[in-house]
Each structure stands twice: as structure tokens, then as C-alpha cells.
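As C-alpha cells, the structure follows; a few thoughts come after it.
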Amino acid sequence: MSAKYWRSYGFTHGSTFEQPLEAAGYFLRAAQQAASAYASNSAIELARRGLTVLAKAPESSERNSLELQMQITLGGPLAAARGYGAAEV
């Protein structure tokens with residue numbers, strides 16, 4: 001994982017995620033940035049980490065919206081990296 005994406009959104013080694021919705025938003029933006037730079041593997045990893053953090057947030061419309069955006073962001077890089085026929089896509 002490129003440290004450039006982490007640092008650009010304020011993440012450092014050992015960052016904790018006490019506010020999962022805020023952290024998931026950062027992961028979403030980082031995943032979108034990676035996807036726009038055609039860094040598919042980085043975008044996949046960032047989106048998956050975002051989804052993991054998001055799972056710790058209480059159920060709400062904001063959480064659902066972030067999850068949907070994260071899944072949409074994940075789709076393109078997964079198709080590019082694994083192919084449209086992959087089960088993950």
C-alpha cells in the first residue's frame with residue numbers, strides 16, 4: 001500500500017478509528033483517488049478497509065450511504081484487476 005494515499009488523508013502508522021463514519025469517509029476518498037489514478041489494487045485495499053471500519057458504525061442512513069458509495073467505488077477496480085467474470089465483481 002502506498003503511504004502517499006495514507007498521508008494525504010491524515011493517516012499514520014497506528015491510527016485508531018474512534019469515529020468509524022469519519023474514518024470510512026477518509027477511506028472512501030482515498031479509494032476514489034486511487035481508482036482515479038488507475039491504482040486498482042490500492043483502491044481495492046482502501047475500499048475494503050473502509051468497509052471493515054464502517055461495519056463498526058451503528059446502523060444509520062449515513063452509514064448506509066457510505067457503504068453504497070464504497071461498494072460502487074470498489075466495483076470498477078475489482079473488474080479491472082480481477083476481470084468481469086470474477087466472483088468478487
Is the closest side-chain heavy-atom distance between R29 and Q33 below 4.5 Å?
->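 The answer is no, as the side chains (C-beta and beyond) never meet within the 4.5 Å cut-off.
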Min side-chain heavy-atom separation Q71-L51 under 4.5 Å |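 In short, these two side chains touch, coming nearer than 4.5 Å.
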So which atom in [X] and which in [Y] form the shortest heavy-atom distance, rounded to 0.1 Å?
| X | Y | value |
| --- | --- | --- |
| A35 | P77 | CB-CG, 3.9 Å |
| L74 | A47 | CD1-CB, 3.9 Å |
| F27 | V53 | CE1-CG2, 3.8 Å |
| A81 | S40 | CB-CB, 4.1 Å |

Does the T73 side chain pair with the main chain of Q69, one donor and one acceptor, at a distance under 3.5 Å?
->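 Here the side-chain-to-backbone pair exists.
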Is the side chain of R63 donor-acceptor paired with the backbone N or O of L54 at a distance under 3.5 Å, no angle test?
->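 Pair found, side chain donor or acceptor close to backbone of L54.
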Quick check for you: to the nearest 0.5 Å, what is the distance between [X] atom [atom1] and [Y] atom [atom2]?
| X | Y | atom1 | atom2 | result |
| --- | --- | --- | --- | --- |
| E62 | L66 | CD | CG | 5.5 Å |
| Q19 | K56 | CD | NZ | 14.0 Å |
| L68 | L28 | CG | CG | 10.5 Å |

